[in-house]
Protein chains: 2
Amino acid sequence: MDVKVNTAGCDMGHMRIGELAERTGTARRLLRYYEEQGLIAACRAANGYREYDERMVDRVLQIRGLLDAGLPTRIIKQILPCLDSPRVIHFSDATPEMIATLEVERDRMTQRILCLTRNRDAIAAYLEEVRGDG
Amino acid sequence: MDVKVNTAGCDMGHMRIGELAERTGTARRLLRYYEEQGLIAACRAANGYREYDERMVDRVLQIRGLLDAGLPTRIIKQILPCLDSPRVIHFSDATPEMIATLEVERDRMTQRILCLTRNRDAIAAYLEEVRGDG
DNA sequence: TCGAACGTTCACATGGATGTGAAGGTCAAC
DNA sequence: GTTGACCTTCACATCCATGTGAACGTTCGA
């Protein structure tokens, strides 16, 4: 039985950090930083180079989205496992503290969405007015 | 004709920084910081104390919301004038660069809203699953 | 009139996400 | 076998929102 995939994303693709950086629009430096923070993992080739598989692209994009949404890495680290697909695997992670964290974060995100929406709509309305009779 | 309100929020209320801090849940230090960054203004009493009127409470809350939504102060500073009510006063500010900035920012906010919504929904879905058969 | 609670400015510290550069190893191509 | 593009680690720099504290003036009530 041959190994195909593991959480580090080894053994399948042979994407190195440069390609991942390019495909995600993320500086190499940051990919290493995310790894250091435990958000992503990479296994190493014989020469020490990091190797990633395809799935990492989406994962990095998701991380960037969450960072951009204002979540700190330590929170992202906590919630990422729950967002993985297939999701079924990860039920074991669902400790009560974890669930509490998720609920808090979900509500914070909802608040943020409301605030952002409100303000964006205000900006949009302003722009329409200006375009109208500016 | 007596002066009632100006952009600095003078002459009406006699709220000082401590009360504003308490009512907005914002550290005094930060209120001074926002002033330093040009997000809010205050006029001074004879003794040098900052004075604010009621409107500042909402304004500060709005600023905090935007900060929390991930906008940096320098952007907030640009978009705040457009969000003031009554809005009509501010048409003079509508330079082309300003409009461009606003359009960019509006679109960025829309992106953020989408990303946030997607991730929040994923979290919510996970929570539902866990609550269901965890 | 004294002290507590508030205000002021100045200035340095911190933490998180990044930028940047040095010093060096690996590898493919010419 | 040397060049150039890639990788490695290490480490210091930057930006921004905050924390914190010193040193000092003001207000107010006991």
Side-chain angles (χ1 to χ4, degrees), chain A residues 8-10 13-52 56 59-80 105 108 112 115, chain B residues 8-10 13-52 56 59-80 105 108 112 115:
Chain A
C10 304
H14 297 279
M15 199 186 341
R16 282 175 307 181
I17 201 170
E19 185 180 346
L20 185 58
E22 196 174 354
R23 290 178 58 185
T24 58
T26 306
R28 280 162 252 251
R29 168 73 178 83
L30 290 183
L31 294 174
R32 299 195 189 100
Y33 174 68
Y34 299 155
E35 178 176 333
E36 188 181 309
Q37 301 303 310
L39 272 63
I40 60 180
C43 51
R44 302 307 183 101
N47 54 16
Y49 288 14
R50 290 172 178 82
E51 295 206 331
Y52 307 94
M56 271 301 154
R59 190 175 176 100
V60 169
L61 289 176
Q62 184 171 33
I63 289 169
R64 302 234 72 192
L66 289 167
L67 276 175
D68 197 52
L71 305 201
T73 49
R74 73 168 200 289
I75 298 292
I76 298 179
K77 181 181 176 179
Q78 287 188 289
I79 72 181
L80 258 189
E105 220 51 47
R108 290 171 64 86
R112 252 187 261 259
C115 174
Chain B
C10 304
H14 297 279
M15 198 184 345
R16 282 175 307 182
I17 201 169
E19 185 178 346
L20 184 58
E22 196 173 354
R23 290 178 59 184
T24 58
T26 306
R28 280 161 252 253
R29 168 72 179 84
L30 290 183
L31 293 175
R32 299 196 190 99
Y33 173 68
Y34 299 155
E35 178 175 335
E36 188 181 308
Q37 301 302 311
L39 272 61
I40 59 180
C43 51
R44 303 308 184 101
N47 54 15
Y49 287 13
R50 289 170 177 82
E51 294 206 332
Y52 307 93
M56 271 301 154
R59 189 175 177 100
V60 170
L61 290 177
Q62 184 172 34
I63 289 169
R64 304 234 71 193
L66 289 168
L67 276 175
D68 198 51
L71 304 200
T73 50
R74 72 168 200 289
I75 297 292
I76 297 179
K77 179 181 177 180
Q78 286 188 289
I79 70 181
L80 259 188
E105 218 51 45
R108 290 170 65 86
R112 248 188 262 261
C115 173

**OP:** Step through the shown structure and confirm whether more than 12 heavy atoms of other residues, nucleotides or ligands are within 6.0 Å of CZ on R64(A).
**Re:** yes
**OP:** Take A46(A) and G18(B), find for each the nucleotide of DNA chain C with the closest heavy atom, and name the residue whose nucleotide sits nearer the 5' end.
**Re:** G18(B)
**OP:** Using atom CD1 of I76(A) as one end and atom C1' of dA17(C) as the other, report the distance to the nearest whole Å.
**Re:** 11 Å
Subject >> Below 4.0 Å: OP1/OP2 of dT8(D) and any side-chain N or O of R50(A) >> reply: yes
Original post:
If you pin P72(B) and R29(B) to their nearest nucleotides in DNA chain D, which one's is more 5'?
Top reply: P72(B)
Original post:
Taking atom C1' of dC16(D) as reference, at what distance in whole Å does atom CG of L67(A) sit?
Top reply: 15 Å
Original post:
Any idea which of dG7(C), dT8(D), dT18(D) is nearest the I17(B) side chain?
Top reply: dG7(C)
Original post:
Which heavy atom in Y52(B) sits nearest to a heavy atom in A42(B), and how many Å separate them?
Top reply: CE2-CB, 3.4 Å
Original post:
Quick one: is dA17(C) close enough that its OP1 or OP2 comes under 4.0 Å of any side-chain N or O from T73(A)?
Top reply: yes
**OP:** Give me the one residue out of I79(A), T73(A), L39(A) that meets side chain to side chain contact (heavy atoms under 4.5 Å, CB included) with L66(A).
**Re:** I79(A)
**OP:** Could you tell me whether the phosphate oxygens of dG21(C), OP1 or OP2, come under 4.0 Å of any side-chain nitrogen or oxygen in R28(A)?
**Re:** no
Original post:
Y34(B) side chain N/O closer than 4.0 Å to the phosphate oxygens (OP1, OP2) of dT18(D)?
Top reply: yes
Subject >> Base of dG25(D) paired with side chain of Y49(B) (donor-acceptor, under 3.5 Å) >> reply: yes
Original post:
Which heavy atom in A27(A) sits nearest to a heavy atom in A21(A), and how many Å separate them?
Top reply: C-CB, 4.5 Å
Subject >> Interatomic distance, I75(B) CD1 vs dC15(D) P [rounded to whole Å] >> reply: 16 Å
Subject >> Passing option when E35(B) is tested against R59(B), R29(B), R44(B) for salt bridge (Lys or Arg N to Asp or Glu O under 4.0 Å) >> reply: R44(B)
**OP:** Using only side-chain N and O atoms of R44(A), determine if any of them is under 4.0 Å from OP1 or OP2 of dT9(D).
**Re:** yes
**OP:** Provide, to the nearest angstrom, the distance between the OH atom belonging to Y33(B) and the P atom belonging to dA11(C).
**Re:** 18 Å
Original post:
How many Å lie between CD on E35(B) and C1' on dT18(D), as a whole number?
Top reply: 17 Å
Original post:
Around atom CD of E19(B), are there more than 12 heavy atoms of other residues, nucleotides or ligands at under 6.0 Å?
Top reply: yes
Original post:
What nucleic acid atoms does R32(A) come within less than 4.0 Å of, heavy atoms only: base, sugar-phosphate, or nothing?
Top reply: base
Original post:
Think R16(A) has a side-chain N or O under 4.0 angstrom from the OP1 or OP2 of dC6(D)?
Top reply: no
Original post:
Touch check for R74(A), heavy atoms < 4.0 angstrom, all strands: base, sugar-phosphate only, or nothing?
Top reply: nothing
Subject >> d(NE2, H14(A); C1', dC6(D)) in whole Å >> reply: 17 Å
Subject >> Gap between atoms CE and C1', on M15(B) and dC6(C) respectively (whole Å) >> reply: 16 Å
Subject >> Whole-Å gap separating C1' (dG16(C)) and CD (E36(A)) >> reply: 12 Å
**OP:** Report yes if a side-chain nitrogen or oxygen of N47(B) is closer than 4.0 Å to either non-bridging phosphate oxygen (OP1 or OP2) of dT27(D); otherwise report no.
**Re:** yes
